[in-house]
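Both backbone and side-chain heavy atoms feed into the values below; hydrogens, waters and symmetry mates do not.
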Amino acid sequence: MTLKLNDKYLKNFISEHEYECIAPMVAVADKMLREKSGAGNAFLGWMDLPQNYDKEEFERIKVAAKKIQADCDAFIVIGIGGSYLGARAVIDFLSSAQLKDKVKTPDIYYAGCNISATALNELLYICENKNVCINVISKSGTTTEPAVAFRVLRAFLEKKYGVEEAKQRIYVTTDKARGTLKAFSTQQGYETFVVPDDVGGRFSVLTAVGLLPIAVAGIDIDALMQGANDARIAYSSSDIYQNDAYKYAAMRNILYRKGKSVELLVGYEPFVGMIQEWWKQLYGESEGKDGKGIFPASVIFSTDLHSLGQYIQEGQRILFETVLSINDTKSTFEIPYDEANIDGLNFLAGRDINELKQTAMRATQLAHIDGGVPNIHIELAERNEYSLGYLIYFFELACAMSGYLLGVNPFDQPGVEAYKKNMFAMLGKPGYEELRKTLEERNI
């Protein structure tokens, strides 16, 4: 199996009758998703995307990726949140020295995902003696962080190459017809790709938003989409006993109702780190509304066992863990024999480090469940494009279902706008005078 949901560590935390009680709610929510009758139904384009994507644009993405690979040795992705996290997660998960040997790919950098003069200056310094292309990703073109980065990097390219050649090195992913960035791109003649109207940012990794940077990294986007489409087919049932994505959503909600308000996504490989960051946005932005929601957090074991392990084992009983393991990482390493044996570990000599990792994982799961921490276990077959596409769709569908079970609209994010409005007012943006006055009266 490409993906296996293992519930053997939940036996002491969820009983069979609890699954039976939540199953009818899952069936109702599934009908709302399939018939597009629930909250946020205008943003369900991701559900059929792995089958119904724009094939012409998909081929254009592959052509553009090859051109970028030939034209530059530094490729800068400008975006924030869902505009860059999905692509970075896939690239970090799949990229390796072996891949770089097979395909000439540029080094990939990220901008517009923070407000840091240090980071921007360092990026410009790194790119000074490199051939550079950029991909700015923004539906509107007015989001502050990426807009500032695009302004700076566009000027950098125009100074380095001249205005006309710079145009050939700028790729824009934005709204199909509206927005300032779309209008400016048409005026300048930049090659553009589409942010679909019916796919929200955190669900957009399998659109041009994610696929162009992923393809530039030399990753097989056909296999990625095939994995996602096979998951779409596999998870088409409304029955939680036949649909592991829905069962995962049910498990989360049952545990939440028992006071488990924090979910730790646990990885045992450093390359899982950005998948965790993408997952945190997906679930945090989808569920954290109306005073509700499971707080998504993440750890990499065994590293974080030496910093957070004590709290997880014996702290407040508000946590549950979802362990994401990869059965075949495509990498092995034999532990060497040491004549001196100063560490006393010669009993491990000749064994693969993966065996040590798997044993540490099982030992940790047993310790944590004995300490009262429920464990969900998701096993991914391989570290490859197909399996990752499968996992992405699994998490997206489970997230939608989980939001509906929670009683929130999983496809909007009204709270994200609050800081933006305050920042615009405090910086003196026209149209925000009243809010600025209110903030000043609060002595902020």
Side-chain angles (χ1 to χ4, degrees), residues 40 42-43 76-88 109-124 134-159 163 166-167 170-190 192-197 199-204 208-209 277 280-281 284-286 288-290 409 411-444:
F43 294 95
I76 303 173
V77 180
I78 303 171
I80 196 166
S83 293
Y84 94 104
L85 267 177
R88 187 168 185 178
Y109 302 95
Y110 302 90
C113 49
N114 53 51
I115 304 175
S116 169
T118 303
L120 197 52
N121 275 315
E122 287 177 355
L123 179 59
L124 291 172
I134 65 175
N135 174 208
V136 58
I137 306 164
S138 175
K139 192 166 179 64
S140 66
T142 58
T143 303
T144 305
E145 296 90 337
V148 168
F150 182 44
R151 176 179 289 209
V152 171
L153 288 163
R154 188 175 78 247
F156 171 81
L157 287 183
E158 290 176 350
K159 182 178 179 181
V163 173
K167 289 179 182 180
I170 296 173
Y171 298 81
V172 178
T173 309
T174 189
D175 190 90
K176 185 175 184 179
R178 301 183 302 274
T180 59
L181 184 56
K182 172 59 180 175
F184 183 72
S185 299
T186 301
Q187 176 191 340
Q188 296 296 312
Y190 301 146
T192 61
F193 300 91
V194 174
V195 180
D197 288 335
V199 180
R202 58 189 176 275
F203 289 85
S204 67
V209 170
E277 295 304 310
K280 284 191 282 191
Q281 186 197 2
E285 201 167 74
S286 295
K289 294 154 197 172
D290 305 328
N409 177 355
F411 307 112
D412 67 355
Q413 53 280 339
V416 176
E417 301 304 314
Y419 94 90
K420 295 180 183 178
K421 292 176 181 176
N422 287 346
M423 184 173 67
F424 288 153
M426 295 164 82
L427 289 170
K429 183 174 181 177
Y432 288 80
E433 291 79 10
E434 286 300 316
L435 179 56
R436 183 180 183 183
K437 185 177 179 182
T438 302
L439 294 174
E440 286 174 347
E441 289 172 355
R442 292 172 60 188
N443 197 29
I444 293 176

Within 6.0 angstrom of Lys420 NZ, more than 12 heavy atoms from elsewhere: yes

Glu441 atom CD, over 12 foreign heavy atoms within 6.0 Å: yes

When rounded to the nearest 0.5 angstrom, what distance separates [atom1] in [X] from [atom2] in [Y]?
X	Y	atom1	atom2	value
Tyr110	Ile76	OH	CD1	11.5 Å
Thr173	Ile137	OG1	CD1	5.0 Å
Thr174	Phe184	OG1	CZ	12.0 Å
Leu181	Lys139	CG	NZ	11.0 Å
Asp175	Thr192	CG	OG1	10.5 Å
Asn422	Leu427	CG	CG	10.5 Å

Heavy-atom closest pair, residues [X] and [Y]:
X	Y	value
Phe193	Ala208	CB-CB, 3.6 Å
Tyr190	Val172	CD1-CG2, 3.7 Å
Gly112	Ile78	CA-CG2, 4.4 Å
Phe43	Gly200	CD2-N, 4.1 Å
Tyr84	Gly79	CD2-O, 3.6 Å
Arg202	Gln413	NH1-OE1, 2.6 Å

Whether Gln281 side chain and Gly82 backbone form a donor-acceptor pair below 3.5 Å: yes

Side-chain donor-acceptor pairs under 3.5 Å in residues 142-159, sequence neighbours left out?
residue, atom, partner, partner atom, Å
Thr142, OG1, Ser140, OG, 3.0
Glu145, OE2, Tyr419, OH, 2.8

Under the side chain to side chain donor-acceptor pair (under 3.5 Å) test, which residues partner [X], sequence neighbours left out?
X	answer
Ser204	none
Asn114	none
Lys182	none

SB check Glu440 Arg436 (cutoff 4.0 Å): yes

Full working for side chain to side chain contact (heavy atoms under 4.5 Å, CB included) between Asp197 and Arg178: CA-CA 10 Å; Asp197 288 335; Arg178 301 183 302 274; 3.7 Å; yes

Set of salt bridge (charged side-chain N to carboxylate O under 4.0 Å, His left out) partners for Arg88, sequence neighbours left out: none

Pairing residues for Tyr109 by the ring pair (Phe, Tyr, Trp, His ring centres under 6.0 Å) criterion, not counting sequence neighbours: none

Stepwise side chain to side chain contact (heavy atoms under 4.5 Å, CB included) check, Asp412 with Lys289: CA-CA 9 Å; Asp412 67 355; Lys289 294 154 197 172; 3.0 Å; yes

